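Okay, structure first, notes after.
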2 protein chains.
Amino acid sequence: MKGYTYRQGDQEPSGSLPMWEALVTGAVGDVIEFWGFKRNHGRVWALLYVRNQPMNARELREGLDLSKGAVSMITQDLEHWEVIRRVHLPGNSAWHFVAEVEFMRMISRVLQRREGTLIARVSADLDEALRLASESEDLEPEILDRIQRMRTLATTMRRALRLFTRTARFDFRKARGVL
Amino acid sequence: MKGYTYRQGDQEPSGSLPMWEALVTGAVGDVIEFWGFKRNHGRVWALLYVRNQPMNARELREGLDLSKGAVSMITQDLEHWEVIRRVHLPGNSAWHFVAEVEFMRMISRVLQRREGTLIARVSADLDEALRLASESEDLEPEILDRIQRMRTLATTMRRALRLFTRTARFDFRKARGVL
DNA sequence: TCTGTGGTTCAAGAGCTTTTGAACACCTCG
DNA sequence: CGAGGTGTTCAAAAGCTCTTGAACCACAGA
């Protein structure tokens, strides 16, 4: 009935995908996992992106060897991050998903939120430490310097991380234009 | 995906440290955990750094509430990454540790090694996928484009990440000079 | 030599995160 | 209405990473 029901004999790719799709989804899964997301977030997005046509939950489940529940939760996450969209195909009651092309949005968006709350807390703690330490007696001034040095490290991180996400997004957009 | 647990205001200091040292070590632990290291790597380095004097394994263990084995393994890691040094105090048989001030070295060094092997593998997989896909028939050219686009994403990541570590290191050095 | 201290290793266990799958809630069509 | 298909939820299971602590080695001092 549907395409892609075949299997390459000896190689055992994930689910029922042809080898090259398995390689693509696996590669993107590895990258996205490196950035602190779930591997399957990357795999689902990558399959939708490389297929370049709407897929429903069953197709995702069979292609990537996921459970019903996993597909539901992962697509919800991706939709929430706005890297996939849910569409309705005419004459078909099931939801279908399509990939947004702005992939770096997912990384930079979530990275910046995480980074924001982390740095706020770290800065507050270090300020408090500085306050408490300066009240205690017999303290080398060098030690206060060191706490302050770590304090600036936090803001440096924020700045550098922002630079990184901006650069990455810019480069991805540029790549799209070139290809 | 990693969870970033919000600490309650409670702030029970770890081990036997004064509050301000507990705050400092905890803060650095959080930052370092964000970067994919163990929280205790950051805590141990931070305590050595903020004390600004050699400490032996027992002091680290008591201060940070760690086991004998944990201190041994963590100090080995930190030594290997060259962010702490092992010294011998005269008239004392036990090893003592001191913190190197080049903290960003730890982050950038390990980050670059991890990133390097990851990107090499991802690039190879995507190249292979491209090769296999171009052999199959009835394939939209758009799909080959998309694989190539992901391929450039990998090299973009490498470049951006390198930029990030360089910037962060530079800024930390600058901060040291200022303070 | 024996004893105590310091340090390392690693199997077992603890603690977290992710995945599973059964139960349930909607639909739509006959 | 009931049957069949789709989608969601969440407690339980699986899977991973980190930590523990007992066993072990090495060495110094008595």
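Everything numeric here is computed off the predicted structure, so don't read it as measured data.
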Considering the options B:Gln76, B:Glu62, B:Arg61, which one meets the side chain to side chain contact (heavy atoms under 4.5 Å, CB included) requirement together with B:Val71?
->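 That would be B:Arg61; it is the only one of B:Gln76, B:Glu62, B:Arg61 passing the side chain to side chain contact (heavy atoms under 4.5 Å, CB included) with B:Val71.
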
Separation of atom [atom1] in [X] from atom [atom2] in [N], rounded to whole Å:
X       : N      : atom1 : atom2 : value
A:Leu66 : C:dT20 : CG    : P     : 6 Å
A:Leu60 : D:dT8  : CG    : P     : 12 Å
B:His96 : C:dG6  : NE2   : P     : 10 Å
B:Phe37 : D:dC18 : CZ    : P     : 11 Å
B:Asp65 : D:dT19 : CG    : P     : 12 Å
A:Asn92 : D:dG5  : CG    : P     : 13 Å
B:His41 : D:dT17 : NE2   : P     : 14 Å

From the set [options], return the single nucleotide nearest to any side-chain atom of [X].
X       : options               : value
B:Met73 : D:dG7, C:dG7, D:dT19  : D:dT19
B:Ala57 : D:dC18, C:dG7, D:dT6  : C:dG7
B:Ser67 : C:dT20, C:dG6, D:dG21 : D:dG21

Around A:His80, counting heavy atoms of other residues, nucleotides and ligands shown, do more than 12 lie under 6.0 Å from its NE2?
->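 No, the 6.0 Å shell around NE2 holds no more than 12 heavy atoms from other groups.
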
Do A:Leu64 and A:Leu17 pass the side chain to side chain contact (heavy atoms under 4.5 Å, CB included) test, and can you show the C-alpha distance, the side-chain angles, and the key distance before you say yes or no?
-> CA-CA 8 Å; A:Leu64 297 171; A:Leu17 299 183; 3.9 Å; yes

Check if the side chain of B:Lys68 and the base of C:dG6 share a donor-acceptor pair of N or O atoms closer than 3.5 Å.
-> no

Please find out if less than 6.0 Å separates the ring center of A:Trp81 from that of A:Phe37.
->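 A:Trp81 vs A:Phe37: aromatic centres under 6.0 Å.
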
Short side-chain N/O contact from B:Gln76 to OP1 or OP2 of C:dT9, under 4.0 Å |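 True: B:Gln76 side-chain N/O within range (under 4.0 Å) of C:dT9 OP1/OP2.
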
Categorize [X] for me: base, sugar-phosphate, or nothing, with a 4.0 angstrom heavy-atom threshold over every strand shown.
X       : value
B:Arg61 : nothing
B:Arg86 : sugar-phosphate
B:Asn56 : nothing

Specify the residue among A:Ala70 and A:Ser93 whose closest nucleotide of DNA chain D lies further upstream toward the 5′ end.
->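 This one resolves to A:Ser93.
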
